[in-house]
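Reviewing the structure listed below.
For clarity, every value in this text was computed on a predicted model and none was experimentally measured.
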Amino acid sequence: MAGKEMKAPLREEADGGDDVGACSSICAVVLTVVSALFVLVTFPFSLFFCFKVVNEFERAVIFRLGRLVEGNPKGPGMFFILPCIDNYVKIDLRTQSFDVPPQEVRTAQLPSRPVAVSILQTRETQLRERCALYCPE
């Protein structure tokens, strides 16, 4: 065992380490309750801001207080968000293609050859990119 070194844990447990997570979850609950009360107080007008609609070929990824909400993306159809603490991003499920202008490639045998390229972007890559953009964990 002389050749192997013991690595230190990535996160050391301190006496108050769990207090930070508990405090943030308590704050999240308090903000959610305040936002729900705000929606109830302004009920007729808040309907315009709380209900969102996504088309058949779209999905909505919801972020609550900057973190990804658990579960699948919402849609198609109507869904509910809390206006003060929720953010959502629409993701288009259709495959997108991007054409790159032709490039000249030089090889050892031939002087130069034109090369055409097409890039296809699918739903999985879009979801990963959006989540990485908004949740850099």
_Those residues that, when tested against Glu70, pass side-chain hydrogen bond (donor to acceptor under 3.5 Å, both in side chains) (two or more places apart)_ = none

Sequence neighbours left out, cut at 3.5 Å: what donor-acceptor pairs do the side chains of residues 39-52 make with other protein atoms?
from  : atom 1 : to    : atom 2 : distance (Å)
Thr42 : OG1    : Phe38 : O      : 2.8
Ser46 : OG     : Val39 : O      : 3.1
Ser46 : OG     : Thr42 : O      : 3.1
Ser46 : OG     : Phe43 : O      : 3.0

*Which residue pairs pass the salt bridge (charged side-chain N to carboxylate O under 4.0 Å, His left out) test with at least one member in residues 25-40, sequence neighbours excluded?*
none

*Closest approach of Lys90 and Val53, non-hydrogen atoms and distance?*
NZ-O, 3.7 Å

*Separation between CG of Leu65 and SG of Cys27, rounded to the nearest 0.5 Å*: 9.5 Å

*CD1 on Ile81 to CD1 on Ile62, rounded to 0.5 Å*: 7.0 Å

_Side-chain heavy atoms of Glu58 within contact of Pro76, under 4.5 Å_ = no

*Do you reckon Ile91 sits in the same ILVMFWY cluster as Phe63, going by side-chain contacts under 4.5 Å, direct or chained?*
yes

*What's the spacing between Arg64 CZ and Leu31 CG if we round to 0.5 Å?*
11.0 Å

*What heavy-atom pair brings Gly75 and Val54 nearest, and what distance separates the two atoms?*
CA-CG2, 3.6 Å

*What is the distance from atom OG of Ser112 to atom CD of Glu104, rounded to the nearest 0.5 Å?*
4.5 Å

*Is Val117 close to Gln103 at the side-chain level, that is, under 4.5 Å between some pair of heavy atoms?*
no

*Given side chains that start at C-beta, do those of Tyr88 and Val61 come closer than 4.5 Å, heavy atoms only?*
no

*Does the side chain of Ile85 reach to within under 4.5 Å of the side chain of Leu82, using non-hydrogen atoms?*
yes

*Take atom CD in Glu56; do more than 12 heavy atoms of anything else shown fall under 6.0 Å from it?*
no

